[in-house]
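The structure presented is a predicted model; accordingly, all values stated were derived computationally and were not measured.
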Amino acid sequence: MKKRRLIALAAAAVMAASSLAGCGGSQTSSTTAAGSTAETAAASSNAVSPDAKSTDQTLGGGIAVGSSDGEAVKGGTLVVSMPSSPRTLDPKAYSTMYENHIMYNVLDTLFVWDKDYKEVIPSLATDYTVSDDGLTYTINLRDDVYFQKGKFQDGRKMTADDVVYSLERSKEESTTDRICRDFFDYCEAASPTQVVIHMKSVAGPFISQLAGIGNAILPKEEVEGWGEDFGSHIVGTGAFTLEEIVTDEKVTLKKNENYWGTEPNVDGIEFRIISDSNQAINAVQTGEVDIAMYLQGEAIKRAQDADLLLQAPSSAVTYVRFNMQNGPTANADVRKALTMAVDIDSMVAGIYQYGEGTRAYQPLPVYSFAYDTAYNDLVPSYDPEGAKKLLAEAGYPDGFTMSLYIGSTTYREKMAQMLQYYWSQIGVTLDIKSSAMADWSAAVVDSWQSDVVNSYGVSWNSDPDPYGFLGKFFSSQTLHASSNAGGYNDPEMDELLNEGFGSTDTAKRAESYKKVIEKVMNEYTGIYYAYECRNWAISPKVHDAVLRADNQMLVATPFNNIWVEK
C-alpha cells in the first residue's frame, strides 16, 4: 500500500479553545484518521469542538485523506454506508441529509461550496454579475453540459431555459423555501447560455442559496414525464446517474460517461443502508464498505482504536422543538416548564460519552456572524420544582402525556430516554416514537396541525449564514416543511427574517437576526442542546475523500476525486 497522509485543508477546526473535549479533541495520538500521519497540527486529532460560551470562532476547513505518491487508480465501486434510506430524491421535496448525499452526485447546481465550505464557486455557471441596485443577477452558463439520458429525453444539451424552469419550480413548489420566495421575482433566458434573475428586493446571500441542491438544474421532460415518481428516477447533469433504489438496502449510482466535468475515478457508488454503527465499522474492517458515515456512540471509539476514524466539527445544530399550535406545548409556560425540567449539561454529557458532541444553547451555530453568547442566558436554569409550579399555573397540576418523534439513531434514542426521565419528574409522561428518518420526515411534516406530534428531535445542517437556520426554522414560508414542523408562524418574525436577509451589510443583518434569537428563545420554541461532530470510518484504501463540516459525500468535484486501491 502506498504511503498515506492526512491533509488538513484549512487551519484549526475552531480557533477558540473548548471547555469540553470533543470533535477530535479527545484524540491525543499523532496518528489520526485511517492510519495516516498528521501533516500539520491542524489535523483532526487536534480539532476542537464548538464552544457555545466563546465568541469569534470560525468554521474549520475540510479534512482530506490523500496519497503522497503514485497516480489515481481508475475503476471499481465506492461503497458508502449510511443509516437510512432516502424518502425522495426530488429537489423540491427532499428533507434529510441521506438524500443529499445521493442527489449531490447525480444533480448539479449553478454554484457549489468550496472544499472548506466557506466560499461559493461556479459549477454549471461560469460567472455572474449583479446590478448596482442589487436587483438583477446576470449568470453566464457553461455551453458543454448535457443531461443524463432518461426515459423522456435522450441526453440533450442543457440551456438557460432549463435553469429558468428549475428555479421557477423551486420557487413555486418546494416544501421548504430554498430560493428566498419573498425576494426572488422571476428569471428569464437572455440567450441559451445566459440567465437573468430579477429580484423584488435586495437579498444578501442569494447566490449561496443557488448552491443548495434544492435548486438543482433539471430537464423538464423528465420531471413532468415521471410526475410524482420523479423522486425515484432523478435525472440531472452530475458525475453519476441513478441506477437503482432498493428501499432499506441500497442505492446504486453509475458513472456518467457524458459528464461535463472531470471524469470520476470510480465507475460507480453504492450507498448501502446499515443502521447500526458497529455493523458499519465491521463492514469497513472486512472490506465490504469503504466509508461508513454517521458513526455514533461506541463505534467512534472502535474506529479510533482501529485507526479508521476521520472526525471534524460540524455546521449543524441538534435540538428538540415543540408543537407551537396544538396540544399542551402550544402554551409558552408549558414549553418553559419542560425546558426548566431538563439538566441540559448532564444530558449532553450522557449522550456524547466519547467527546463527539458539546453543549449548545441557541438555534444557531457558534460560527455564525449573528451568534452572541449573551443570549445563552435566556435558556432557563435547571429547576424541576419551579417547573412543577409553572405547569400547575398553566393548568396542568397533574401533568400530561405528550409525544416525541425521533429518528432511530443512538444519539436521538439516548436523548429521548433522558427527556423521558426528566419530564417524568414533573408529572409529564413522554411517549417516544422512533422510526427510520424517511418515516420520521413523513410523520412530522405539517404535524403542527394536530395534537399528535407534540415534539420532535433532529439535527439541522446549513452553511453558517443565519438564514440557513433561522429562516428555515421560523418563517411562515416553511410551515409545510420538516424544518418548521412545530408550526411557528408570526408576521413579526417574518418581518425580522426579511430584514436579516434583505441586506448586504453584515452588521445590519446580524442585528436583525439577534432580535430573532431573542424572540424565539423568550418563547421557548425548543431545547437547542448540542453541536455534534462528523464521524466517518474510512478504509486505508480510500484516497482523496474530503470530510467537510456539512458532511457531504463529495466523490468527484472541482477539488477532489475519490479513488480506491485495488
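Taking the side chain as every heavy atom from C-beta outward, Asn100 and Gln552 approach each other to under 4.5 Å. Using a 4.5 Å cut-off on side-chain heavy atoms (C-beta onward), Val235 and Leu218 make no contact. At least one side-chain heavy atom of Ile517 sits under 4.5 Å from a side-chain heavy atom of Leu470. Using a 4.5 Å cut-off on side-chain heavy atoms (C-beta onward), Leu167 and Leu210 make contact. In this structure the side chain of His101 never reaches within 4.5 angstrom of the side chain of Val80, judged on heavy atoms. Put simply, the side chain of Val106 does not reach to within 4.5 Å of the side chain of Leu89, judged on heavy atoms. For the pair Ile213/Leu107, a side-chain contact is recorded, criterion being any heavy-atom separation below 4.5 Å from C-beta on. Residues Tyr488 and Thr525 have side chains in contact (heavy-atom distance under 4.5 Å, counting atoms from C-beta outward).
Proximity of a side-chain donor or acceptor of Thr318 to a complementary backbone N or O of Tyr531 within less than 3.5 Å is not detected. At least one donor-acceptor pair closer than 3.5 Å links the side chain of Ser131 to the backbone N or O of Thr136. Remark: the backbone N or O of Ile139 is not paired with any side-chain donor or acceptor of Gln194 at under 3.5 angstrom. Side chain of Glu511 to backbone of Lys508: no donor-acceptor contact under 3.5 angstrom is found. Checking side-chain atoms of Gln296 against main-chain N and O of Tyr411 turns up a donor-acceptor pair under 3.5 Å. Of the possible donor and acceptor atoms, one in the side chain of Thr557 sits under 3.5 Å from a partner among the backbone N and O of Asn560.
Here the closest non-hydrogen pair linking Asn561 and Ala556 is OD1-CB, 3.9 Å. Residues Pro122 and Phe111 share a closest heavy-atom pair of CA-CD2, 3.8 Å. When every heavy atom of Thr504 is checked against every heavy atom of Gly204, the shortest pair comes out as CG2-CA, 4.2 Å. Across every non-hydrogen atom of Ala370 and Tyr513, the tightest pair is CB-CB, 3.7 Å. Closest of all the heavy-atom pairs between Ser476 and Asp494 is OG-OD2, 2.6 Å. Across every non-hydrogen atom of Thr109 and Ala211, the tightest pair is OG1-O, 3.7 Å.
Among the candidates Val542, Leu310, Ile291, the single residue satisfying the side-chain contact (heavy atoms from CB on, under 4.5 Å) test with Val65 is Leu310. Under the salt bridge (Lys or Arg N to Asp or Glu O under 4.0 Å) rule, Asp162 has a single partner from Arg142, Arg156, Lys220, which is Arg156.
By the 4.0 Å N-to-carboxylate-O rule, Lys200 lies too far from Asp185 to be salt-bridged with it. In summary, Asp143 and Lys157 do not engage in a salt bridge, as defined by a charged side-chain N under 4.0 Å from a carboxylate O. Comment: Asp116 does not engage Lys118 in a salt bridge, judged by the lack of any side-chain N to carboxylate O separation of less than 4.0 angstrom.
The OG atom of Ser166 sits 9.5 Å away from atom CD1 of Ile179, with the distance rounded to the nearest 0.5 Å. Once rounded to the nearest 0.5 Å, the distance linking CG of Asn105 with CG of Leu554 reads 7.5 Å. Atom CZ of Arg181 sits about 9.0 Å away from atom OG of Ser475, to the nearest 0.5 Å. The OG atom of Ser503 lies 12.5 Å from the CG atom of Asn498; values are rounded to the nearest 0.5 Å. Distance check: Leu364 CG to Tyr375 OH gives 11.5 Å after rounding to the nearest 0.5 Å. Here the CD1-OG1 distance, from Ile269 to Thr252, works out to 10.5 Å after rounding to the nearest 0.5 Å.
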Item to check | Intermediate values then yes/no, side-chain contact (heavy atoms from CB on, under 4.5 Å), Asp465 and Phe369 | outcome: CA-CA 7 Å; Asp465 191 285; Phe369 64 76; 3.8 Å; yes

Checklist entry - Asn258 and Gln148: side-chain hydrogen bond (donor to acceptor under 3.5 Å, both in side chains), yes or no, with the steps? => result CA-CA 7 Å; Asn258 200 26; Gln148 301 145 4; over 6 Å; no

Checklist entry - After noting the C-alpha distance and the side-chain angles of Tyr352 and Glu532, does the key distance pass the side-chain contact (heavy atoms from CB on, under 4.5 Å) rule? => result CA-CA 9 Å; Tyr352 308 104; Glu532 296 177 342; 2.6 Å; yes

Next on the checklist: As a quick check of understanding, evaluate salt bridge (Lys or Arg N to Asp or Glu O under 4.0 Å) for Arg548 and Asp550, giving each step before the final call.
Outcome noted: CA-CA 5 Å; Arg548 289 193 316 199; Asp550 65 339; 2.8 Å; yes

Next on the checklist: Test salt bridge (Lys or Arg N to Asp or Glu O under 4.0 Å) on Glu172 and Lys92; report intermediate values, then the result.
Outcome noted: CA-CA 9 Å; Glu172 298 299 328; Lys92 77 172 186 179; over 6 Å; no

Next on the checklist: What verdict does the side-chain contact (heavy atoms from CB on, under 4.5 Å) test give for Leu253 and Phe271, after you've listed the backbone C-alpha separation in whole Å, the side-chain angles of each residue and the deciding distance to 0.1 Å?
Outcome noted: CA-CA 8 Å; Leu253 310 182; Phe271 289 95; 3.8 Å; yes

Checklist entry - Given the rule in the side-chain contact (heavy atoms from CB on, under 4.5 Å) test, do Lys472 and Trp460 qualify, once you have shown the distances and angles that lead to the verdict? => result CA-CA 10 Å; Lys472 305 301 182 183; Trp460 181 264; 3.7 Å; yes

Next on the checklist: Evaluate Glu263 against Lys255 for salt bridge (Lys or Arg N to Asp or Glu O under 4.0 Å), listing each step before the verdict.
Outcome noted: CA-CA 8 Å; Glu263 179 187 0; Lys255 180 167 68 175; 2.8 Å; yes

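There is a side-chain donor-acceptor pair under 3.5 Å between Thr237 and Asp108. In the model, Arg178 has a side-chain atom that pairs as donor or acceptor with a side-chain atom of Tyr94 under 3.5 Å. At a cut-off of 3.5 Å, with distance as the only test, no side-chain donor of Asp177 or Thr478 sits close to an acceptor on the other residue. For the residue pair Asn376/Arg359, the side-chain donor-acceptor check at 3.5 Å is not satisfied. With 3.5 Å as the limit, one finds a donor-acceptor pair spanning the side chains of Asn140 and Asp127. Judged purely by distance below 3.5 Å, without hydrogens or angles, the side chains of Asn535 and Glu356 never pair a donor atom with an acceptor atom. Using modelled atom types and a 3.5 Å distance limit, the side chains of Gln57 and Tyr371 yield no donor-acceptor pair. A donor and an acceptor atom, one from each side chain of Thr88 and Asp90, are nowhere located under 3.5 Å apart. Side chains of Glu243 and Thr241: a donor on one and an acceptor on the other come within 3.5 Å.
Aromatic rings from Trp536 and Tyr294 are positioned such that their centres are separated by 6.0 Å or more. Note: Tyr361 and Tyr528 fail the aromatic proximity criterion, with ring centroids not under 6.0 Å apart. Within the 6.0 Å centre-distance limit, the rings of Phe183 and Phe501 are counted as a close aromatic pair.
Ring-plane geometry between Phe473 and Phe469 is classed as perpendicular, the angle between the planes exceeding 60 degrees on a 0 to 90 degree scale with a lower cut at 30. Classified by interplanar angle (parallel below 30°, tilted 30° to 60°, perpendicular above 60°), the ring pair Phe206/Tyr137 is tilted.
At most 12 heavy atoms of other shown residues, nucleotides or ligands fall within 6.0 angstrom of atom CD in Glu495.
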